[in-house]
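The basis for the numbers below is simple: all heavy atoms, side chains too, and nothing from hydrogens, waters or symmetry mates. Each residue takes its place number in the sequence, starting with 1.
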Amino acid sequence: MPLPTGNIPWPPRDLEPALESMARWDTWWSGDPDRLEQLYGGGSGIGPDAKRYQFAGGVVGRVARWWWGTPTAPGERRTKLHVPIAGDICGGSADLLFSEPPKMTVTGDATTKRLDILVDDGMLATLQTAAEVGAALGGVYLRPVYDKDIADQPWLDAVHADRALPEFRWGRLSAVTFWQIVHDEDGLIWRHLERHEPGGIQHGLYLGTKEKLGRPVPLEDNPATEGFAGLVTDEGWVETGFAGLDVSHIPNANSRRWRCEPSLADLGRSDLDGIEPLMDALDETYASWMRDIRLGKGRIVVPDAYLQSAGPGRGASWNPDQEAFAGINMLARADSGQQLTVAQFAIRVAEHQGTAEDLVNQILRSAGYSAQTFGLGGDVAVTATEVVSKERRSMTTRGRKILRWRPGLSHAAEALLAVDRHVFGGKAVPQRPTIEFEDSVQEDPLTLANTVDVLRRARAASTDTLVRMTHPEWDDVAVQAEVARIQQEDGTAVPDPMQAGAVA
């Protein structure tokens with residue numbers, strides 16, 4: 001399917017439900033209170049009815065009845081407080097996956113060396129960003145890109161799910177169109193569309209409006225796309241040098257919301273899907289807590305006779321720090337209204353704290369994580385086995401995400417090698433590497449040493465196995481060298497019998 005040629009609605013109508021959900025998840029992930037109020041219609045009230053949306057029917061009323069949909073009364077300052085737990089969840093998901101770089105294994109020395117160079121060039125930072133974006137929006141796309149004016153090698157780039165129009169076949173990505181707004185002026189919007197199909201990429205520039213894609217215009221008409229004009233063919237294509245599709249789609253989880261809609265069923269699900277009401281309640285709880293603190297400030301209500309005049313037209317004031325006051329001509333009666341009144345409201349710390357902790361635990365549990373992953377539950381030193389036991393739910397979620405990341409990342413690495421060979425003339429043979437994710441929980445060195453010592457004394461493992469247990473990041477050459485040094489120090493090295501009696 002080529003790029004569109006007519007003035008069609010953009011984004012396409014069938015993608016609107018997914019984009020609306022992604023916009024909501026993105027708002028919570030951003031942690032911006034202004035965007036939350038705009039999303040739920042909770043801005044400052046205008047007119048006599050500050051809560052006009054609260055009683056509306058349909059979608060408007062349902063959304064406005066959220067706590068973030070409650071408008072701020074005219075003349076009052078906004079006292080709403082936002083707890084950025086959505087950002088913590090998405091960032092924690094990325095840390096669980098890519099706190100350590102994944103190990104990619106290929107065959108052939110030339111391919112191994114070239115892949116190591118490509119991986120070391122900032123790929124881990126890209127994968128961490130992609131994992132956080134995927135956790136927030138429900139999925140992410142990886143594609144190889146290059147620019148000879150910037151670098152002499154390609155690199156991986158992450159494309160957010162709310163800027164992609166994917167096409168799936170039997171649950172797998174068959175083609176995808178990325179778009180971005182490159183210029184917006186006077187109601188006219190310039191969009192760059194980039195369609196990826198097996199073997200090549202098609203570029204197009206369109207001049208339209210906010211709702212309509214508009215008409216295609218030459219790539220040279222905008223500085224953001226004029227660089228592609230010299231690369232594309234007459235049909236607007238750029239060959240990738242890769243026989244398959246050079247884009248990998250990595251869904252965050254199986255979709256629940258659109259499972260019966262064929263065009264959206266394979267998009268994936270955000271970690272924030274379904275927990276928005278809980279996050280709204282958590283913000284309301286913290287805002288109520290802060291309100292108690294504000295109201296709990298001690299206040300003294302004094303009669304007018306106690307006030308000191310500041311002069312004609314300047315009003316009067318009360319100085320609570322003054323030590324001596326002039327006598328006041330009044331009767332000292334117990335029921336007299338001319339008395340000091342102290343206002344000191346209680347601050348319900350325990351109630352708010354208990355509610356907030358329960359909401360946080362429920363939010364993390366619904367998102368698929370353990371509270372210990374986010375530093376909740378104390379800082380008592382424990383072994384790696386105990387950590388895994390306490391964070392079992394997080395480890396299960398991590399394993400489930402690895403099942404989706406491993407094939408997608410492997411495909412992206414193969415496409416990266418193919419583009420490197422096609423564009424830069426690399427000698428590496430494009431192939432799909434084997435991906436191994438490192439353990440996110442490292443064993444305590446003392447515990448590991450005790451385990452190795454027990455296995456050695458029990459003669460239950462060889463020296464080679466013990467070295468690999470102690471240094472899992474070493475390759476075969478380093479392991480063999482270390483084994484040889486240990487055997488030499490212990491005097492257990494056995495000489496080669498074929499070399500016995502040989503003359504040096």
Side-chain angles (χ1 to χ4, degrees), residues 20-45 50-73 76-93 135-138 252-253 256-257 269-296 345-377 393-394 397:
E20 290 176 357
S21 296
M22 292 179 190
R24 183 173 63 255
W25 299 330
D26 177 62
T27 302
W28 283 103
W29 176 43
S30 68
D32 187 353
D34 293 333
R35 291 183 58 184
L36 284 168
E37 280 196 337
Q38 183 179 5
L39 174 66
Y40 294 105
S44 298
K51 296 185 178 182
R52 59 194 182 283
Y53 294 122
Q54 302 287 314
F55 304 100
V59 177
V60 174
R62 184 169 63 253
V63 171
R65 281 186 282 273
W66 289 54
W67 180 76
W68 274 105
T70 305
T72 302
E76 295 289 335
R77 69 184 181 95
R78 185 177 70 185
T79 58
K80 295 179 180 179
L81 184 67
H82 175 57
V83 181
I85 192 171
D88 294 338
I89 291 174
C90 298
S93 173
L137 302 183
N252 183 63
R256 301 170 182 164
R257 193 178 297 266
R269 184 181 81 247
S270 169
D271 282 351
L272 310 179
D273 187 20
I275 63 173
E276 299 96 326
L278 293 174
M279 294 189 293
D280 185 75
L282 179 63
D283 289 347
E284 183 178 6
T285 299
Y286 268 92
S288 175
W289 195 347
M290 293 302 104
R291 180 176 180 271
D292 270 18
I293 292 178
R294 290 193 305 272
L295 296 179
F345 296 97
I347 302 176
R348 298 164 296 171
V349 176
E351 292 84 348
H352 283 101
Q353 184 176 7
T355 303
E357 289 180 354
D358 185 72
L359 284 171
V360 168
N361 289 331
Q362 182 60 46
I363 289 172
L364 296 179
R365 185 166 55 250
S366 299
Y369 299 97
S370 303
Q372 288 77 10
T373 304
F374 298 88
L376 304 178
R393 188 166 182 81
S394 295
T397 301

Exercise for the section: Establish, from distance only, whether the side-chain atoms of D271 and Y369 form a donor-acceptor pair under 3.5 Å. Expected result: yes

Practice task
Work out which heavy atom in W68 is nearest to a heavy atom in L81; give both atom names and the distance.
Solution key: CZ2-O, 4.0 Å

Problem - Pairwise side-chain contact, T79 with R294, heavy-atom cut-off 4.5 Å (strictly under) - result: yes

Handout entry: D283-W67 side chain donor-acceptor pair, cut-off 3.5 Å
Key = no

Handout entry: Short side-chain to backbone donor-acceptor contact, S270 and A136, under 3.5 Å
Key = yes

Practice task
Please state whether the rings of W28 and H82 are parallel, tilted or perpendicular, taking 30° and 60° as the class boundaries.
Solution key: tilted

Problem - Donor-acceptor pair between E276 and W25 side chains, under 3.5 angstrom - result: yes

Exercise for the section: Compare every heavy atom of N361 with every heavy atom of A371, then report the nearest pair and how far apart it is. Expected result: CB-OD1, 3.6 Å

Completion exercise
Output for pair (I275 CD1, L364 CG), nearest 0.5 Å, gives 8.0 Å

Fill in the blank from the handout: dist W289:CH2 -> I347:CD1 (nearest 0.5 Å) comes out at 10.5 Å

Practice task
Determine yes or no for a side-chain-to-main-chain donor-acceptor pair under 3.5 angstrom, with S370 supplying the side chain and Q372 the backbone.
Solution key: no

Problem - Gap separating the OG1 atom of T285 from the CG atom of D280, nearest 0.5 angstrom - result: 9.5 Å

Fill in the blank from the handout: Nearest heavy-atom contact between L39 and R24 is CD2-CG, 3.9 Å

Problem - Side chain proximity check, P33 to K80, heavy atoms < 4.5 angstrom - result: no

Exercise for the section: Tell me, yes or no, whether the heavy-atom count around R291 atom CZ, taken from other residues, nucleotides or ligands under 6.0 Å, exceeds 12. Expected result: no

Practice task
Please check if any side-chain donor atom of R35 sits under 3.5 Å from a side-chain acceptor atom of Q38, or the reverse.
Solution key: no

Exercise for the section: Ignoring hydrogens and angles, state whether a donor on the side chain of S366 or Q362 is under 3.5 Å from an acceptor on the partner side chain. Expected result: yes

Problem - N252 side, atom CG; L137 side, atom CG - distance, nearest 0.5 Å - result: 9.5 Å

Practice task
With the side chain counted from C-beta on, respond yes when I89 and I363 share a heavy-atom pair under 4.5 Å apart, and no when they do not.
Solution key: yes

Problem - Pairwise distance OG(S288) to CD1(I293) - rounded to 0.5 angstrom - result: 10.0 Å

Problem - Carboxylate-amine/guanidinium contact D273 R256, below 4.0 Å - result: no

Exercise for the section: First locate atom CG of L295, then atom CE of M290, and finally report the distance between them rounded to the nearest 0.5 Å. Expected result: 12.0 Å

Completion exercise
In terms of heavy-atom contacts, D292 and H352 come closest through OD2-CE1, 3.3 Å

